[in-house]
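Here the structure is laid out as structure tokens; the discussion comes afterwards.
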There are 2 protein chains.
Amino acid sequence: MSSMKDWTTARVSKNVRRQAKRLEMLRAAARLFSDHGFHETSLDKLSDAIGAKKPTLYHYLGNKEQMVFECLKIGIEDVHQAAEHAQCGPGTRAERLCAFLERLAAVCIDDFGRCAIQVDDKVVCEEKRIELRALKDETRTLMLGLIEDGMADGSIARSDPVLLLHALVGALNWPARSSDPTASPGSDNSAAKLVSQLAHGFLPR
Amino acid sequence: MSSMKDWTTARVSKNVRRQAKRLEMLRAAARLFSDHGFHETSLDKLSDAIGAKKPTLYHYLGNKEQMVFECLKIGIEDVHQAAEHAQCGPGTRAERLCAFLERLAAVCIDDFGRCAIQVDDKVVCEEKRIELRALKDETRTLMLGLIEDGMADGSIARSDPVLLLHALVGALNWPARSSDPTASPGSDNSAAKLVSQLAHGFLPR
């Protein structure tokens with residue numbers, strides 16, 4: 001029994017290592033796709049940046065389209081997870097929205113988040129694009145629900161919830177899109193400051 | 001003398017017609033580049049959409065890189081013009097900022113504005129990219145100046161001006177980037193509503 005358990009543990013830990021290695025490789029790919037665009041990122045560049053020969057790359061990650069699909073999916077899943085988490089957080093709906101937006105700001109400057117923002121999902125085939133858009137739609141419904149509930153309970157000012165959602169997402173997406181290096185929130189509390197600006201507005205209170 | 005004047009008028013009007021035709025062709029190109037991406041927009045597609053044979057296209061607009069450069073430049077120039085105009089507008093700095101943001105919202109959903117937002121300037125050569133980025137930097141300096149002056153005179157709430165600028169630009173850019181059709185401000189006063197949300201914040205006052 002003990003050897004059976006050892007064998008299982010060894011197998012699990014091999015799987016974990018494999019997954020960790022895969023994720024690390026995907027992260028390097030996501031960074032290249034964001035920085036140079038999908039079309040400008042050749043397999044040679046990927047192989048150099050990841051530090052693996054092309055057959056190894058293919059073995060772990062598949063072809064270039066499969067790689068970009070995985071990167072986009074992880075980026076969108078991170079936002080989805082943050083939106084799900086916000087549903088049951090502590091505090092008023094407005095406070096949950098602020099907490100979610102801070103988390104979103106962090107995702108937007110992470111390698112996978114940047115990739116999902118910068119790389120157009122038109123680069124993957126229709127079937128995969130439908131999968132990505134369904135996940136985006138689900139995320140959007142969660143975020144919109146939080147805003148609508150907040151407007152209903154009075155913790156968020158009444159206005160057009162769809163417009164507000166787009167304004168907030170656009171504001172937080174911006175650092176990932178901008179070619180201006182000062183746009184990226186640094187290691188200080190920029191994300192919190194940004195969310196506070198959006199919460200309070202730019203007119204004096 | 002009269003025939004000389006007629007000749008000059010005819011020549012000027014021919015030039016005006018030529019410029020108008022050129023702009024109309026460029027607008028169709030900008031729409032294609034935004035909707036399908038630079039790489040996916042072939043000369044065949046451009047020729048079909050513009051309704052002109054490839055040699056005519058080349059005669060008026062040059063090659064594909066020259067076309068996209070012109071489209072990006074017009075989009076950025078439109079924002080630059082709006083920012084310049086805002087410097088000397090009526091009202092407080094906060095009111096000028098609101099007026100500028102409403103104009104920016106309109107540029108962001110125009111064909112050239114959408115193209116400048118969606119198409120990465122990495123697709124043009126370095127020399128042209130430097131020209132585009134210089135114009136962007138100048139525009140950014142104008143916008144930042146308006147925000148800083150407003151914070152100094154008290155009409156805009158004191159906060160981090162760079163973060164605020166990025167949040168505002170990002171919020172207004174979003175409709176052009178989103179694959180969600182509800183994101184685009186319709187023919188109602190969405191731009192004004194969006195600017196008001198950003199001005200007042202999402203917390204109740």
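Letters A, B, ... mirror the listed sequences (proteins, then strands); counts begin at 1.
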Whether over 12 other heavy atoms sit under 6.0 Å from [X] [atom1]:
{"X": "Gln66(B)", "atom1": "CD", "value": "yes"}
{"X": "Arg96(B)", "atom1": "CZ", "value": "yes"}
{"X": "Glu126(A)", "atom1": "CD", "value": "no"}
{"X": "Lys45(A)", "atom1": "NZ", "value": "yes"}

Given that the side chain runs from C-beta out, which part of [X] has a heavy atom under 4.5 Å from chain B: side chain, backbone, both or neither?
{"X": "Ser155(A)", "result": "backbone"}
{"X": "Leu97(A)", "result": "side chain"}
{"X": "Leu168(A)", "result": "side chain"}

Do [X] and [Y] have side-chain heavy atoms sitting under 4.5 Å apart?
{"X": "His36(B)", "Y": "Lys122(A)", "value": "no"}
{"X": "His39(B)", "Y": "Glu40(A)", "value": "yes"}
{"X": "Pro161(A)", "Y": "Phe202(B)", "value": "no"}
{"X": "Leu194(B)", "Y": "Leu164(A)", "value": "no"}

Under a 4.5 Å cutoff for heavy-atom pairs, which residue among Ala167(B), Ala94(B), Ser196(B) has the most contacts with chain A?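 Heavy-atom pairs under 4.5 Å are most numerous for Ala167(B).
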Arg205(A) side chain to His200(B) backbone, donor-acceptor under 3.5 Å: yes
Any idea which heavy atoms bring Gly154(A) and Pro204(B) closest together, and the distance?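 Closest approach of Gly154(A) to Pro204(B): O-CG, 3.3 Å.
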Where Ala157(B) and Gly201(A) come nearest, the two heavy atoms and their spacing: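 The pair with the smallest heavy-atom distance is CB-O, 4.5 Å.
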From NZ (Lys193(B)) to CG (Leu163(A)), nearest 0.5 Å: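 Taking NZ in Lys193(B) and CG in Leu163(A), the distance rounds to 6.0 Å.
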Gap between atom CG of Asp120(A) and atom CG of Asp120(B) - 0.5 Å precision: 11.5 Å
Answer with yes or no whether the side chains of Gln197(A) and His166(B) bring together a donor and an acceptor at under 3.5 Å.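 Note: His166(B) and Gln197(A) side chains miss the donor-acceptor criterion.
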